[in-house]
Colleague: 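Below you'll find the structure I mean.
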Amino acid sequence: MIRWFAGFVLSLGTPIWAQDLPALYSVTGVAADDVLNLRASPSASGEVIGSLAPDAKAVEVVAFDGDWAVINVDGVAGYAAGRFLAPDGGPGWSSLERPVICSGTEPFWSLAIDPATGSAGFSTPEQPEPRNMAIKDVWPATDWSKSAAVSLPVGLAVLRGADCSDGMSDQRFGIAVDLFLQDAGGLRLTGCCNLQVE
């Protein structure tokens with residue numbers, strides 16, 4: 001009986017919201033002459049604040065709220081019905097195989113990490129042209145540790161899956177980052193990251 005129950009549970013599959021988020025999704029099941037509405041709240045009666053084309057791809061889903069996906073569009077987080085979204089597949093963000101863009105405030109800064117090229121670019125308002133550097137080491141997340149890290153010539157970036165806000169916009173992010181800079185007297189910066197759409 002126990003063996004049957006375990007087999008039954010395994011056969012149920014993994015719901016779309018039990019993934020390594022944020023992740024990229026495609027719109028599916030929407031008529032060619034229609035759109036997928038983004039709403040201000042996770043409800044079919046929520047105010048429409050934007051829309052996605054019926055063939056939209058590489059849509060970053062930051063989180064799920066019940067059956068509703070949280071998506072950033074035009075600087076605002078909105079909700080889309082999860083049944084109209086399908087995972088694009090590929091590695092999760094925590095494998096550090098996909099490019100991510102991180103940024104923070106006080107002071108303003110940005111860090112673009114591109115594992116495919118083994119490079120990263122760091123910039124600030126004082127240095128708007130990104131300072132390109134080689135990634136030294138990469139530590140993907142594991143089953144027992146959900147944090148991931150990237151070692152750079154100037155320090156270390158530690159990323160973790162978390163609900164994150166930049167404190168300046170109405171967007172939501174699914175990755176929080178701590179950036180430790182050795183070449184700036186041990187400066188520690190905090191911020192949020194999102195997946196870079198190629």
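Here, residue 1 is the first one in the sequence, and each next residue gets the next number.
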Colleague: Tell me whether C192 and C164 have SG atoms closer together than 2.5 Å.
Modeller: yes
Colleague: Less than 3.5 Å apart, any donor N or O on the side chain of T190 or D178 sitting next to an acceptor on the other?
Modeller: no
Colleague: If you count every heavy atom of other residues, nucleotides or ligands that lies below 6.0 Å from M133 atom CE, does the total exceed 12?
Modeller: yes
Colleague: Between S169 and Q171, is there a donor-acceptor pair closer than 3.5 Å when you use the side chain of the first and the backbone of the second?
Modeller: yes
Colleague: Is it true that atom CG of D137 has more than 12 heavy atoms of other residues, nucleotides or ligands lying nearer than 6.0 Å?
Modeller: yes
Colleague: Quick check against the 3.5 Å criterion: does D65 have a side-chain atom that pairs as donor or acceptor with the backbone of P42?
Modeller: no
Colleague: Consider only side-chain N and O atoms of S51 and N37, and report whether a donor and an acceptor are under 3.5 Å apart.
Modeller: no
Colleague: Would you check if the side chain of T142 reaches a backbone N or O of S145 as a donor-acceptor pair within less than 3.5 Å?
Modeller: yes
Colleague: Can you give me every donor-acceptor pair (side chain of residues 118-125, partner residue at least two apart or in another chain, under 3.5 Å) with its distance?
Modeller:
from : atom 1 : to   : atom 2 : distance (Å)
S119 : OG     : T117 : OG1    : 2.7
S123 : OG     : S110 : OG     : 2.7
T124 : OG1    : E126 : N      : 3.4
T124 : OG1    : E126 : OE1    : 3.4
T124 : OG1    : Q127 : N      : 3.1

Colleague: Suppose the criterion is salt bridge (charged side-chain N to carboxylate O under 4.0 Å, His left out): which pairs have a residue in residues 29-57, not counting sequence neighbours?
Modeller: none
Colleague: Got I113 and L96 here, is their nearest side-chain heavy-atom distance under 4.5 Å?
Modeller: no
Colleague: Show, in sequence, the C-alpha distance, side-chain angles and deciding distance for R83 and D67, and conclude whether the salt bridge (Lys or Arg N to Asp or Glu O under 4.0 Å) test is met.
Modeller: CA-CA 7 Å; R83 69 181 181 276; D67 294 330; over 6 Å; no
Colleague: A side-chain contact here means heavy atoms from C-beta on lying under 4.5 Å apart; do Y79 and I71 qualify?
Modeller: no
